[in-house]
K.L.:
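Quick one: structure below, then a few questions.
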Number of protein chains: 2
Amino acid sequence: MNLKQLSQLLGLSQTTVSRALNGYPEVNEATRERVLQAVKETGYRPNKAAQRLATGKAGSIGLVMPTAPGHQSDVHFGEFLAGLGEESVRHDFHFVIMPSDPDDEVAALRRLAISGNVDALFVAYMRGHDPRIPMLKSLSMPYVVHGRSFGSEPDYPFLDIDNEGAFYDATRLLLQLGHTRFALMNGPMHLDFAIRRKNGVISALAERGLTLDEDCMSHALMTDEQGLLAMERFLQLPNRPTAILCSSTVLALGAIRAVNQAGLRLGEDISLIAHDDVLPLLKPESFSVPLTTTRSSLRAAGARIAQRLIGTVKQAGPFPDQELWKTELIVRASTGPAPQQL
Amino acid sequence: MNLKQLSQLLGLSQTTVSRALNGYPEVNEATRERVLQAVKETGYRPNKAAQRLATGKAGSIGLVMPTAPGHQSDVHFGEFLAGLGEESVRHDFHFVIMPSDPDDEVAALRRLAISGNVDALFVAYMRGHDPRIPMLKSLSMPYVVHGRSFGSEPDYPFLDIDNEGAFYDATRLLLQLGHTRFALMNGPMHLDFAIRRKNGVISALAERGLTLDEDCMSHALMTDEQGLLAMERFLQLPNRPTAILCSSTVLALGAIRAVNQAGLRLGEDISLIAHDDVLPLLKPESFSVPLTTTRSSLRAAGARIAQRLIGTVKQAGPFPDQELWKTELIVRASTGPAPQQL
DNA sequence: GGGAAATTTCAAAGCGCTTTGACAACCAAC
DNA sequence: GTTGGTTGTCAAAGCGCTTTGAAATTTCCC
């Protein structure tokens, strides 16, 4: 069933039917009723491709999903998607997800943009000096960046959390508890959030004249295995750290396993603060020793970005171009005073 | 840049350029080279919406993502998506994800199908007597069902794991270890896999003249909280079960917390077998007591379904219509002989 | 050199929708 | 009875691509 058939059925022109459906005022209410009734009976749905071709609007948000055979799927991605979905469902928007090798994201994003399949782009997994920024600017399509790109002028629309502030605050807390030997378990070094978190730690330490040893930093994929490995390394250091900052509760999961296996007690021998993206599976309060965390909901960020993107596409009022969300620092049992010097 | 402009630039007709790009034989190799070169220089990409309108092919797979504000996002979904992605990226396919309230999936699926946005559908979260099956049959669009629909004639294309067999085998193992008091921690009762798993347990028990008490069954969302709650209930039963079958490692996570909190030892006081979807975050071997599991990779299933769907759309050879994957039963430390009767 | 066959290119139609600009039809007002 | 303003409807153009059927060009063989 298409417009032509429907309009013939009704003895109306395509124009009138189209207008009736799209809420234009210049159509008789009685006629509109008839049309709506016929739509109900026939189950007619406009062909999206045609609609898109005619209007240029697609009703969809595009994003790139990094994936590759063997590439471990990322829990954070799923959670973020849930946030996008939660908002999109309210506006009858959907997503187009372009899977892409993680090293090919620029090209994938460009393909997606010029495919005409989407009205707006969402971009994540930002890197330092990210090449996608200039690319996006050259496109004339709305986009919102989740995160920022360290080293690029922040003159693009983004939503980020205050990564530096979060880790600065977390470090300060540990300093106040008397810790002096720190380690940072971070995400991959090229990613923006990792850079900023590291800076936060370093600047808090610097205020006390402390530095972060190269040995006491790990940059790795945010999986529990990597957390385990990194912590094992830290624990074998001659003068092992007592305070650990951890970029994700996923890493913390492995890290804590290592702590337990070494026969140490979390919150006593080792204090640990992790960043909590509010993943449904990893509630910090459910850990055997509840985790002190910096918290910011990834899902909420997803929903907000969807809101901004959809709003922009629908031209529903102006949105702030740049948002920086504060994180909460929530103290639980995994942090305690530094153990007495032996 | 569109086809018209490009062809003018080259001094060729749109037809020739289009043919050159789509690999038709009736175009001079030299001409094709020129066209390809120009494409490279101009960065021309065909407008997908137009292509779709003209060909009816979209190069995309559609799926419905259940979501709602407050609806906990499902790790399993993300993992499955990763599998789809892994395969799709190889064929330059992408997905269209339609978020939908979990109670509105039939309608969402129908909208997606007739939107003209997708070539094929993937359908999951199957229920008993699922109304989507007849709907899909009436559509003339390829689809593959992940799972099956208990109560419907299995005459539709699906990929499922042998849920009944898996839980039958797992139950048998526990029976052989001498257990007589069983409990089943299952997913929501209306879902197909939950029905089949329950049947597997019941029929294995029946062979020994045992039954599964209503008290010893829980049907709930597969979250760790629910696992915790269910296990707490089981442990308070007057004659508490010693053998637990668990539909997901996510549930097991909570269940084990409850076991620990009760001061019981997993693998001694309580034996537990969980179904393992091979989620990146929940490796059964990483649990403090490694988990005995029935295993089947969700991601692999996703990849396979993508393969079948894409193959069908591209008409690349026939695929089996129905696949039933066996699960592996992997014995680790969470199962042991039944404790002596007190 | 002429005619048939093969090769290469083209103009135009069509995919299903929206939107522009024009046109009836009706009523009110002068 | 003309003008003027609504109101409701329509035919036709256009979005950017593919594909059909025909035309132009080249190649081949006798």
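Keep in mind that this is a model prediction, so the values were computed, not measured. Throughout, protein chains are lettered first and strands after them, A, B, ... in sequence-line order, and every chain is numbered starting at 1.
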K.L.:
For B:Leu12 and C:dA11, what is the distance between atoms CG and P respectively, to the nearest whole Å?
P.N.:
11 Å
K.L.:
Run the ring-centre check on B:Phe95 versus B:Phe122 and record whether the distance is less than 6.0 Å.
P.N.:
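Here the rings of B:Phe122 and B:Phe95 have centres that are no less than 6.0 Å from each other.
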K.L.:
Within less than 4.0 Å of OP1 or OP2 of D:dC15, is there a side-chain N or O belonging to B:Asn47?
P.N.:
no
K.L.:
Counting heavy atoms from C-beta on, name the nucleotide in D:dA12, C:dC17, D:dC17 closest to the side chain of B:Ala50.
P.N.:
D:dC17
K.L.:
Within the 4.0 Å heavy-atom criterion, would you say A:Thr55 contacts the bases, only the backbone, or no part of the nucleic acid?
P.N.:
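The answer is sugar-phosphate, as A:Thr55 gets under 4.0 Å only of primed atoms, P, OP1 or OP2.
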K.L.:
Check the distance between D:dG16's P and B:Leu21's CG and give it to me in whole angstrom.
P.N.:
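The distance from CG of B:Leu21 to P of D:dG16 comes to 16 Å, rounded to the nearest Å.
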K.L.:
With a 4.0 Å cut-off, would you call B:Asp192 and B:Arg148 a salt bridge?
P.N.:
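So B:Asp192 does not pair with B:Arg148 through a salt bridge.
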K.L.:
Nearest whole Å is fine: how far is C:dC15 C1' from A:Arg52 CZ?
P.N.:
15 Å
K.L.:
For C:dT9, does OP1 or OP2 lie under 4.0 Å from any side-chain N or O of B:Ser13?
P.N.:
no
K.L.:
Between A:Ser18 and C:dT18, does any side-chain N or O lie under 4.0 Å from OP1 or OP2?
P.N.:
yes
K.L.:
NZ of A:Lys4 versus C1' of D:dA12: gap in Å, rounded?
P.N.:
13 Å
K.L.:
Is any side-chain N or O of A:Thr16 closer than 4.0 Å to OP1 or OP2 of D:dC10?
P.N.:
yes
K.L.:
Can you work out whether B:Glu26 or B:Leu53 has the more 5'-proximal nearest nucleotide on DNA chain C?
P.N.:
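Its nucleotide being nearer the 5' end, the pick is B:Glu26.
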K.L.:
Reckon B:Gln51 touches a base, only the sugar-phosphate, or nothing at all at heavy-atom distances under 4.0 Å?
P.N.:
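It contacts sugar-phosphate atoms only.
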K.L.:
Rounded to whole Å, please give me the gap between OH in B:Tyr44 and P in D:dG16.
P.N.:
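Interatomic distance, OH of B:Tyr44 to P of D:dG16: 10 Å.
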K.L.:
Just to confirm, is there a sub-4.0 Å distance from OP1 or OP2 of C:dT9 to any side-chain nitrogen or oxygen of B:Thr31?
P.N.:
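Yes, B:Thr31 has a side-chain N/O under 4.0 Å of OP1/OP2 on C:dT9.
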K.L.:
Report yes if at least one side-chain N or O of B:Tyr24 is closer than 4.0 Å to OP1 or OP2 of C:dT8; otherwise report no.
P.N.:
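Checking C:dT8 against B:Tyr24, no side-chain N or O comes under 4.0 Å of OP1 or OP2.
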K.L.:
Using a strict cut-off of less than 4.0 Å between a Lys/Arg side-chain nitrogen and an Asp/Glu carboxylate oxygen, indicate whether B:Lys137 and B:Asp155 qualify as a salt bridge.
P.N.:
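Looking at B:Lys137 and B:Asp155, the cut-off is met.
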K.L.:
Rounded to whole Å, please give me the gap between CD in A:Gln14 and P in C:dG21.
P.N.:
19 Å
K.L.:
Closest to the A:Asn28 side chain: D:dG8, C:dG16, C:dT18?
P.N.:
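Comparing D:dG8, C:dG16, C:dT18 against the side chain of A:Asn28, the answer is D:dG8.
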K.L.:
Take the protein atom NZ of B:Lys57 and the nucleotide atom P of D:dT19, then report the distance between them rounded to whole Å.
P.N.:
11 Å
K.L.:
Would you say the ring centroid of B:Phe158 lies under 6.0 angstrom from that of B:His146?
P.N.:
no
K.L.:
Using only side-chain N and O atoms of A:Asn22, determine if any of them is under 4.0 Å from OP1 or OP2 of C:dT18.
P.N.:
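Yes, within the criterion.
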K.L.:
Going by an N to O cut-off under 4.0 Å, is there a salt bridge joining B:Lys57 and B:Asp119?
P.N.:
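No, this pair does not count.
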K.L.:
Rounded to whole angstrom units, what separation is found between the CD1 atom of B:Ile114 and the P atom of C:dC17?
P.N.:
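After rounding, the gap between these two atoms is 11 Å.
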